[in-house]
Undergrad: 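The structure that follows is given in the form of structure tokens.
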Amino acid sequence: MTYQASLSYAVSQDQQDSLNIFREQFHFPQHNGKDAIYLCGNSLGLQPKALKAAIQQELDDWQTHAVEGYWRAENPWLYYQQFCRNPMAPLIGAQEQEVSIMNTLTTNLHLLMLSFYRPAGQRYKIIMEAGAFPSDQYAVETQVKLYGYDPADAIIEVAPRPGEHLIRLEDILQTISEQSDSLALLLFGGINYYTGQLFDIKALTDATHKAGAFAGFDLAHAVGNVPLQLHDWKVDFAVWCSYKYLNGGPGAVGGAFIHAQHAAKLDYPRAGGWWGNDESTRFLMEKGFVPKASAEGWQLSTAQVFNMVGLKTSLQLFGATTITALSAKSLHLTGYLEYLLQQLKGIPFEILTPKNCAERGAQLSLFFGNQGKAIHQQLTKAGIIADFREPGVIRLAPAPIYNTYQDVFHVYEIISNIQTF
Ligand SMILES: *Cc1c(COP(=O)(O)O)cnc(C)c1O
């Protein structure tokens, strides 16, 4: 790869980029009358320009049809989940019946732990990554307490080795094999939100199955970012939110994957609701829950149409390309950011994210030590929207669907100027 630290190189890369057409489909926040440089799509994706009209469509259909909108709306509300589910499936390598668009990430994590965390006898432990997203930590802590276990005993965290930032695959595999008599569930992030480390989901799933346990993943930072093959990897379940790389909008509906081999089993323990009931008897309003023989058998409630329209609109854009194409651009774009950062001299900083691009997605996490906050403020003043996490980490995530090589180059220019202060 022969990158060059020049604007003309960045311009030529943008000209050759066939995905560049998507950028104009999004609204960018403004800074001094110009589009800000937005590298925060790992936190909240941008608004698709088509969304306003899509929301207006639902308002019009409600106004015109009222209850008949369930059948007569332009996008009948009865099937609204499926307008998101079907385009979602190829992004994660799932069959359509393995996907359920519902609730929010943490809610789905709790719901699926009811089905896949089944502590019994010696087998009650959960392996997770040290430094997992707090909501996952709280979900796991409260779930093990629900069954009367002590979190300090029931939860095993795999941490980076002293002096390292990343978790070694060999250490996770070793922990799984050590716990093969006591392990009930492995719950890992697909990509760690803080370091940007992408875990080997297939290897972790295989090892967990060998230990006789279920493997579940939180894909908040992986979905819409890296290609996934959840079905082929035989992942048991996964959950995600859709307001990060998927651009579904603040608090947008989340999703769940349940592998076909489990989804078809009607006797799995679960929390039931009428929208998870078999459709042929759903409206008979009779006693006796009969789940759908698919991931939708975990649904509870009718579609939250206004909370799904953002995701539906954004997925139309993803549907006009492929995650493979987006990922190919992403590797090159984030690689360019890494290359440019390596040209910087002056303020010392460390890139926490793996150097190997097979172990990361779009995000690079830069550790600036005690200068982090001040540098983040300077970036903000210069019109770069990025994310700051204590202690001293700035996360930069060029999203291939709307970011450009010029965005990345301008960030480099701005950071180089900060260094002269
Ligand atoms: C963003 C994120 C969440 C958010 O959970 P919500 O229930 O959608 O608020 C959870 N886990 C991870 C790893 C995240 O990055």
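In each ligand, atom 1 is the first atom listed, and ligand 1 is the first ligand listed. On a predicted model such as this, the values are computed, not experimentally measured, just so you know.
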Undergrad: May I have the step-by-step check of side chain to side chain donor-acceptor pair (under 3.5 Å) for Gln56 and Asp60, ending in yes or no?
TA: CA-CA 6 Å; Gln56 189 63 48; Asp60 291 346; 3.0 Å; yes

Undergrad: So among Thr205, Asp200, Asp206, which one has a side-chain hydrogen bond (donor to acceptor under 3.5 Å, both in side chains) with Lys202?
TA: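 Considering Thr205, Asp200, Asp206, a side-chain hydrogen bond (donor to acceptor under 3.5 Å, both in side chains) with Lys202 is found only for Asp206.
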
Undergrad: Looking only at the aromatic ring of each residue, does the gap between the centers of Tyr268 and His262 stay below 6.0 angstrom?
TA: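 Here the rings of Tyr268 and His262 have centres that are less than 6.0 Å from each other.
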
Undergrad: Would you say the side-chain atoms of Asn42 and Gln363 include a donor-acceptor pair closer than 3.5 Å?
TA: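 Note: Asn42 and Gln363 side chains meet the donor-acceptor criterion.
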
Undergrad: What residues sit with at least one heavy atom under 4.0 Å from ligand 1?
TA: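 Protein residues near ligand 1 are Leu105, Thr106, Phe133, Asp136, Asp218, Ala220, His221, Cys241, Tyr243, Lys244.
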
Undergrad: Could you check Tyr193, Trp240, Tyr194 and say which one makes a ring pair (Phe, Tyr, Trp, His ring centres under 6.0 Å) with Phe133?
TA: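 Result: among Tyr193, Trp240, Tyr194, Tyr193 is the only option passing the ring pair (Phe, Tyr, Trp, His ring centres under 6.0 Å) with Phe133.
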
Undergrad: Assess whether a salt bridge exists between Lys312 and Glu58, defined as any Lys/Arg side-chain N lying under 4.0 Å from an Asp/Glu carboxylate O.
TA: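 No.
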
